[in-house]
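All remarks here apply to the structure that follows.
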Amino acid sequence: MFEITSIILAAGEGKRMKSALPKVLHPVCGRPAIDYSVQLAQKLGSKKILTVVSKLKSDLVLQHLKNFKDLKIVFQSSPMGTGHAVQSCVTSLNGSKGYVLILYGDVPLIQEKTLKQFLNLVSLEKATLGLITTVTQEPQGYGRIVRDSSAKVLRIVEEKEASQTEKQIQEINTGIYAVKTDWLLQTLKKLKPHPVSGEYYLTDIVEAAIQNREPMVSMTCNGLGEFLGINTRKQLSEAIELMKDRLIEKWMTEGVTFIDPRHVYIDSDVTIGQECVIHPQVYLQGKTEIGKNCVIECGAVLKDMVVGDNVHIKPYCVLEESIIESEAQIGPFARLRPGSQVGKKARVGNFVELKKTKLGAGAKANHLSYLGDADIGAETNVGCGTITCNYDGVKKHPTKIGKKVFVGSDVQFVAPVKVGDGAYIGAGSTITEDVPSGALAIARQRQVNKKGWAKKKNSKS
Ligand code: UD1
Ligand code: CA
């Protein structure tokens with residue numbers, strides 16, 4: 001095919017979002033909206049990717065775009081319309097051959113296969129300009145495609161300038177164009193501001209191509225789906241829903257069961273192994289990776305987690321930036337804070353919180369515990385109500401507990417402290433000194449039973 005330079009427009013003010021966050025940074029399934037367009041441009045093998053950002057309000061966008069190495073940033077002096085935004089790219093386009101593909105930072109749902117089909121069509125027809133249109137029952141807000149009686153495209157009219165009859169048109173401009181670079185460079189010079197808005201419209205290149213009798217091709221799709229633009233919070237929620245449905249469908253195709261797919265949320269970078277069963281109200285966020293054959297029950301929230309195979313996560317767990325090895329069981333109501341690791345076949349039960357804590361293979365902390373900055377050996381049992389006192393008010397300190405240790409209920413480990421393999425800790429102990437391997441440590445007051453005490457007390461009163 002031909003050489004492609006992609007231009008991603010992202011300098012608009014996004015006024016309709018009513019947001020302090022630039023609209024292209026609003027997340028859609030865990031990624032800022034603009035990332036989808038950048039990644040698409042990359043996948044299509046663009047020779048160059050130019051991203052147009054506002055000179056006035058671009059700090060956050062610029063900072064974010066640093067995550068992508070191969071982008072060229074172009075500044076638009078002020079938001080004077082889509083035509084003006086592309087005009088800002090003229091210098092950067094010098095020397096580019098082939099075609100310019102126009103994409104948008106606020107249109108994240110377009111699929112690679114659709115654009116490939118479109119670019120093939122443009123190439124086949126040797127068109128100077130190709131555009132994608134789509135037919136929708138909700139054309140409000142979009143530019144309408146005006147065709148003549150023989151169905152040839154005449155021009156694009158924006159909602160603001162459309163007559164009542166034109167507003168009835170259901171075929172809209174997706175805003176995606178592939179344009180021969182040299183022709184675009186000439187045509188951009190001729191754009192004039194529109195009297196109503198004072199903006200330069202990129203859509204005017206369509207009329208220019210017609211007047212010039214340039215070969216043109218339009219690909220008409222069905223429905224807004226892939227082309228939904230995010231201009232309002234409502235459209236943002238629609239885009240999120242569409243993206244989420246697409247992701248869930250993909251994972252179903254890969255062999256994952258969703259009991260109630262409408263009420264599960266999955267971010268774009270999540271991966272899920274075959275035979276997993278995902279219950280309602282589960283939220284899988286960030287770069288979470290889930291192995292095969294896991295069950296994730298109702299209300300679990302996982303963020304940037306790595307989960308092995310055959311893991312069972314019971315209802316209402318909140319798990320973040322941690323590792324769960326295969327066959328482990330978590331919850332219900334468990335909390336893993338960043339930097340934790342639950343070993344193979346280990347168990348973390350209800351109301352147990354781990355922070356930067358490693359629980360060895362087969363170890364158990366089944367009830368009501370806080371374990372922070374701790375390293376707990378394989379097959380150790382942590383009794384109900386046990387806590388690590390890891391913070392002295394200034395610094396955090398580690399607790400190291402060996403293998404096959406039995407920790408009775410309601411024990412406090414005042415860190416830093418170490419317990420050797422196979423030791424026993426009596427219930428209710430406050431452990432302030434290291435415990436050697438195989439020892440029994442008891443650190444509590446001896447019980448005193450005062451016989452007949454109650455009777456004496458009662459006789460006094
Ligand atoms: C634009 C099209 C409309 C189309 C719709 C599809 C024009 C005039 N209108 O309208 O026909 O149906 O997209 O979604 O092109 N931008 C800049 N600089 C600016 C103005 C905008 O970079 O000065 C960027 C925005 O960040 C955004 C994109 O261009 O990513 C589109 O701008 P927006 O104002 O959202 O245009 P629409 O009204 O949606
Ligand atoms: Ca838009």
Side-chain angles (χ1 to χ4, degrees), residues 271-277 287-297 300 302-315 317-388 390 398-409 411 413 415-425 431 434-441:
T271 60
I272 313 173
Q274 212 173 318
E275 305 288 4
C276 282
V277 179
K287 294 196 185 336
T288 293
E289 290 170 31
I290 294 169
K292 290 184 194 148
N293 210 31
C294 295
V295 177
I296 304 185
E297 293 197 63
L302 281 74
K303 187 174 181 214
D304 296 325
M305 287 291 301
V306 176
V307 178
D309 297 340
N310 304 301
V311 167
H312 188 169
I313 296 170
K314 295 177 186 171
C317 291
V318 179
L319 315 173
E320 205 179 332
E321 291 173 42
S322 294
I323 298 170
I324 301 173
E325 289 175 25
S326 61
E327 294 171 66
Q329 288 193 29
I330 312 287
F333 301 103
R335 170 98 166 98
L336 297 185
R337 285 168 54 200
S340 296
Q341 184 167 355
V342 178
K344 189 174 176 186
K345 291 191 181 171
R347 289 166 75 155
V348 176
N350 31 207
F351 308 108
V352 173
E353 173 181 346
L354 264 56
K355 192 231 41 175
K356 278 195 193 152
T357 284
K358 189 173 171 200
L359 197 59
K364 292 176 195 157
N366 269 336
H367 328 270
L368 297 154
S369 277
Y370 167 66
L371 304 167
D373 303 296
D375 184 342
I376 297 164
E379 291 179 58
T380 283
N381 185 82
V382 177
C384 174
T386 293
I387 61 169
T388 53
N390 57 334
T399 300
K400 181 154 175 48
I401 300 175
K403 292 180 205 151
K404 295 195 180 174
V405 171
F406 182 88
V407 179
S409 297
V411 168
F413 291 100
V417 73
K418 281 186 195 156
V419 178
D421 294 347
Y424 283 71
I425 314 288
I431 301 296
D434 290 356
V435 179
S437 299
L440 165 67

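Here, residue 1 is the first one in the sequence, and each next residue gets the next number.
Between the CD1 atom of Ile330 and the CG atom of Leu319 there is a distance of 6.5 Å, given to the nearest 0.5 Å. Distance check, rounded to the nearest 0.5 Å: CD of Glu327 to SG of Cys294 gives 10.0 Å.
Lys400 is linked by a side-chain contact (heavy atoms from CB on, under 4.5 Å) to Asp375, Lys418, counting only residues two or more places apart in sequence or in another chain. Under the side chain to side chain donor-acceptor pair (under 3.5 Å) criterion, Lys355 pairs with Asp373, not counting sequence neighbours.
Salt bridge status for Glu320 with Arg335: present, with a side-chain N to carboxylate O gap under 4.0 Å.
Atom OH of Tyr424 has 12 or fewer neighbouring heavy atoms from other residues, nucleotides or ligands inside a 6.0 Å radius. When the shell of 6.0 Å around NZ of Lys314 is examined, it contains more than 12 heavy atoms from other residues, nucleotides or ligands.
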So Arg337 and Glu353, salt bridge (charged side-chain N to carboxylate O under 4.0 Å, His left out) or not? Walk me through it.
CA-CA 7 Å; Arg337 285 168 54 200; Glu353 173 181 346; 2.6 Å; yes
In sequence, state the C-alpha distance, the side-chain angles, and the governing distance for Glu379 and Lys403, and then conclude on side-chain contact (heavy atoms from CB on, under 4.5 Å).
CA-CA 6 Å; Glu379 291 179 58; Lys403 292 180 205 151; over 6 Å; no
Show, in sequence, the C-alpha distance, side-chain angles and deciding distance for Asn293 and Asn310, and conclude whether the side chain to side chain donor-acceptor pair (under 3.5 Å) test is met.
CA-CA 5 Å; Asn293 210 31; Asn310 304 301; 2.7 Å; yes
Worked verdict on Ile324 versus Ile313 for side-chain contact (heavy atoms from CB on, under 4.5 Å)
CA-CA 10 Å; Ile324 301 173; Ile313 296 170; 4.2 Å; yes
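Side chain of Thr388 to main chain of Pro398: no donor-acceptor pair is present (N/O by atom type, distance under 3.5 Å, no hydrogens or angles). Between the side chain of Ser369 and the backbone N or O of Val352 there is no donor-acceptor pair closer than 3.5 Å. Between the side chain of Thr399 and the backbone N or O of Val417 there is no donor-acceptor pair closer than 3.5 Å. A distance-only check finds no donor-acceptor pair linking the side chain of Asn366 to the backbone of Asn350 [under 3.5 Å].
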